[in-house]
Amino acid sequence: MPAEAVLGAADYALVDAKLSDTDRLLRRSYPGDDGSRQPVHTVYVPADRIEPALTGRWGTEALAAVEAHGGMEALCRTVGLPENLVAPIAAKVEVKLLREPIEDLRLDFEDGYGSRNDDEEDAAALDAADLLARAVDGGTAPPFSGLRFKSFEEPTRARGIRTLDLFLAGLLRQGNLPDGLTLTLPKVSTVAQVEAMAYVCGRLEKAHGLAPGRLRFEVQVETPQLILGADGTVPVAQLLHAGSGRVSGLHYGTYDYSASLEIAAGNQAMDHPAADYAKAVMQVAAAGTGVRLSDGSTNILPVGSAENTAAAWTLHARLVRRSLERGYYQGWDLHPAQLPTRFIATYLFYLSGFDSAASRLRNYVHRLESTVLDEPATARAMARFLQRGLDCGALDGQDIEQRTGVDPVGLTRLAHPRPAHPRPAPATAPGVVPDPSRRPEGSS
């Protein structure tokens with residue numbers, strides 16, 4: 001007798017009913033990455049040092065620092081690039097520093113700005129908004145830019161909220177908010193602070209007539225209380241789902257976090273075991289949520305003597321590469337002279353992995369015999385690797401298409417398959433009706 005299925009419609013309906021809560025959880029809390037560009041770094045500049053031409057000036061200073069120490073190819077050799085990649089990476093990095101030296105700029109009203117009287121900070125918040133708007137209008141702003149205001153800890157809470165309020169009002173007075181606007185909430189220690197920030201965003205949207213969900217924000221993980229709460233839970237995982245869909249990123253804060261653990265100043269570093277533990281927890285918490293990750297910074301700057309500069313460049317390049325290998329595709333840069341090694345290490349990561357990723361993806365897509373049996377999840381990872389390399393300028397779109405046999409549209413579909421259900425719109429302040437549409441590409 002031929003085999004026949006024994007389960008009927010009633011059984012399927014019962015299973016669906018049992019799993020309805022799971023289905024809702026996965027749709028709402030784990031929508032996956034939305035496929036928009038992620039910058040490779042964030043540059044923090046004190047808000048009172050901002051000027052419309054800052055991005056170009058940082059690129060010029062970065063190139064001058066390299067030229068003073070023998071040129072870009074010499075720097076590539078200093079940090080250990082294979083000889084066959086020295087010339088192509090040096091050429092690409094020089095172009096990058098001329099065209100787009102900063103991918104993400106944060107106007108800093110927190111540690112980099114310090115405490116000022118209220119009138120001074122009020123004026124600085126409006127000036128920062130005006131300068132950013134002028135840079136956007138003049139085409140000199142980086143693709144992503146925004147504000148880091150003071151934390152929601154009790155002593156600075158009101159000041160931080162007021163600076164954010166004035167900054168947004170100043171931007172909107174000049175026109176629409178920039179597409180790549182990014183807000184950063186520092187020194188978060190509890191889920192309640194994230195919930196409070198989500199409320200503030202909703203109120204600001206309503207007051208300015210913005211689309212619900214337009215304002216999202218990064219959370220800086222700078223306190224151990226986010227990694228392990230007093231009740232034994234992991235607040236960094238909880239806040240992603242308590243932020244009403246507004247949390248766009250988790251950024252590790254190297255020095256505040258290390259200091260909170262009583263690690264001596266000389267041992268505070270991105271590759272300290274305590275840092276690796278915190279970042280591993282962050283990575284697991286963010287998996288599948290669509291929330292992006294960023295590593296921290298190194299404060300060892302490539303300045304001073306030739307010996308000190310070479311050592312700092314070598315350290316920075318190693319740390320950038322280390323972060324990339326661990327799935328942290330973004331970091332912080334603190335000085336123009338860190339930009340060359342940011343891009344050298346980033347381009348090395350993508351160019352050295354290009355041959356393998358392109359060949360394996362081609363074999364997978366076209367069902368060619370291969371020594372590696374890749375699964376759909378690995379194919380997605382390879383497509384995302386190629387797309388990230390393309391976004392930052394390390395890889396060329398024509399090379400990708402020739403080597404993989406996949407056109408740009410196909411690559412995007414492989415990297416980010418359309419979810420069965422769209423990302424839910426963030427919840428908003430009371431009285432604001434959520435918009436079911438997704439956020440505009442490039443907004444954060």
On a heavy-atom basis, the closest approach of Val188 and Thr190 is CG1-O, 3.6 Å
Would Thr156 and Ser151 count as having a side-chain donor-acceptor pair, cut-off 3.5 Å? yes
Using a 4.5 Å cut-off on heavy atoms from C-beta on, say whether the side chain of Thr404 contacts that of Leu411. no
Are the side chain of Thr233 and the backbone of Gly229 linked by a donor-acceptor contact shorter than 3.5 Å? no
Between the side chains of His416 and Gln387, is a donor N or O closer than 3.5 angstrom to an acceptor N or O? yes
Got a second to check how far Leu147's CG is from Leu166's CG, nearest 0.5 Å? 10.5 Å
Thr163 vs Lys150, side-chain contact (heavy atoms from CB on, under 4.5 Å): CA-CA, chis, key distance, verdict: CA-CA 8 Å; Thr163 297; Lys150 290 179 170 61; 5.8 Å; no
Is atom CD of Glu67 surrounded by more than 12 heavy atoms (other residues, nucleotides or ligands) closer than 6.0 Å? no
Would you indicate whether the side-chain heavy atoms of Val86 and Leu81 approach each other to under 4.5 Å? yes
Minimum heavy-atom separation for Ala394 and Tyr350, please, with both atom names. CB-CB, 3.8 Å
Looking at every heavy atom in both Ser258 and Tyr252, which two are closest together, and how far apart are they? OG-OH, 4.1 Å
For the pair Lys279 (side chain) and Met270 (backbone), establish whether a donor and an acceptor sit closer than 3.5 Å, ignoring hydrogens and angles. yes
Distance, nearest 0.5 Å, that separates OG1 of Thr341 from CH2 of Trp313: 7.5 Å
How long is the straight-line distance from CH2 of Trp332 back to OG1 of Thr254, given to the nearest 0.5 Å? 6.5 Å
Side-chain donor or acceptor of His208 paired with backbone N/O of Leu210 under 3.5 Å: no
Within 6.0 angstrom of Arg49 CZ, more than 12 heavy atoms from elsewhere: no
Return the minimal non-hydrogen interatomic distance between Val303 and Asn308, and the atom names on each side. O-CB, 4.0 Å
State, to 0.1 Å, how close Val200 and Ile161 come at their nearest heavy-atom pair, and which atoms those are. CG2-CD1, 4.3 Å
Is the backbone N or O of Arg134 less than 3.5 Å from a side-chain atom of Gln174, with the two atoms forming a donor-acceptor pair by type? no
SG of Cys201 to CG of Leu164: how many Å apart, nearest 0.5 Å? 6.5 Å
Using a 3.5 Å distance criterion without hydrogens, assess whether the side chain of Thr289 forms a donor-acceptor pair with backbone atoms of Ala286. yes
In the structure I gave you, are the side-chain heavy atoms of Met72 and Leu97 within less than 4.5 Å of one another anywhere? yes
Measure from the side-chain N and O atoms of Arg246 to the backbone N and O of Phe217, and report whether any donor-acceptor pair falls under 3.5 Å. no
When you look at Arg148 and His251, which way does the side-chain contact (heavy atoms from CB on, under 4.5 Å) test go after all the steps? CA-CA 12 Å; Arg148 180 170 75 164; His251 285 225; over 6 Å; no
May I ask you to test the Leu339-Val43 pair for a side-chain heavy-atom distance under 4.5 Å? yes
For the backbone of His316 and the side chain of Thr298, can you confirm whether one donor and one acceptor N or O come within less than 3.5 Å of each other? no
Does any non-hydrogen side-chain atom of Val320 lie less than 4.5 Å from one of Ile344? no
Filter on salt bridge (charged side-chain N to carboxylate O under 4.0 Å, His left out), then keep only pairs touching residues 312-341, sequence neighbours left out; what's left? Asp271-Arg318, Asp276-Arg322, Arg321-Glu325, Asp333-Arg342
Among side-chain atoms of Gln330 and Thr42, is any donor-acceptor pair under 3.5 angstrom? yes
Between the CZ atom in Arg106 and the CZ atom in Phe144, the distance rounded to the nearest 0.5 Å is 10.0 Å
Val93 and Pro340 have their tightest heavy-atom pair at CG1-O, 4.1 Å
If you apply the rule salt bridge (Lys or Arg N to Asp or Glu O under 4.0 Å), what do you find for Arg173 with Asp130, and how did you get there? CA-CA 9 Å; Arg173 184 174 60 192; Asp130 180 64; 5.8 Å; no
Taking it one step at a time, do Phe109 and Arg116 satisfy side-chain contact (heavy atoms from CB on, under 4.5 Å)? CA-CA 10 Å; Phe109 279 91; Arg116 316 286 179 92; over 6 Å; no
Aromatic contact, Tyr329 with Phe385 (centres under 6.0 Å): no
So among Gln220, Glu153, Glu110, which one has a side-chain hydrogen bond (donor to acceptor under 3.5 Å, both in side chains) with Lys187? Glu110
Check whether any side-chain heavy atom of Thr314 lies under 4.5 Å from a side-chain heavy atom of Thr78, and answer yes or no. yes
So do Pro142 and Glu103 actually touch side chain to side chain, heavy atoms under 4.5 Å? no
With side-chain contact (heavy atoms from CB on, under 4.5 Å) as the test, would you mind laying out the steps for Arg203 and Leu215 before giving the verdict? CA-CA 10 Å; Arg203 285 285 295 116; Leu215 298 178; over 6 Å; no
So the salt bridge (charged side-chain N to carboxylate O under 4.0 Å, His left out) pairs with at least one residue in residues 379-404 (sequence neighbours excluded) are Asp355-Arg403
Residues that Arg24 engages under salt bridge (Lys or Arg N to Asp or Glu O under 4.0 Å), provided they are two or more places apart: Asp21
d(Cys392 SG, His41 NE2) to nearest 0.5 Å is 10.0 Å
Kindly indicate whether the side chain of Leu54, heavy atoms from C-beta on, has any atom under 4.5 Å from the side chain of Ile102. yes
Kindly say whether Ile263 contributes a backbone atom to a donor-acceptor pair with the side chain of Gln268 at under 3.5 angstrom? yes
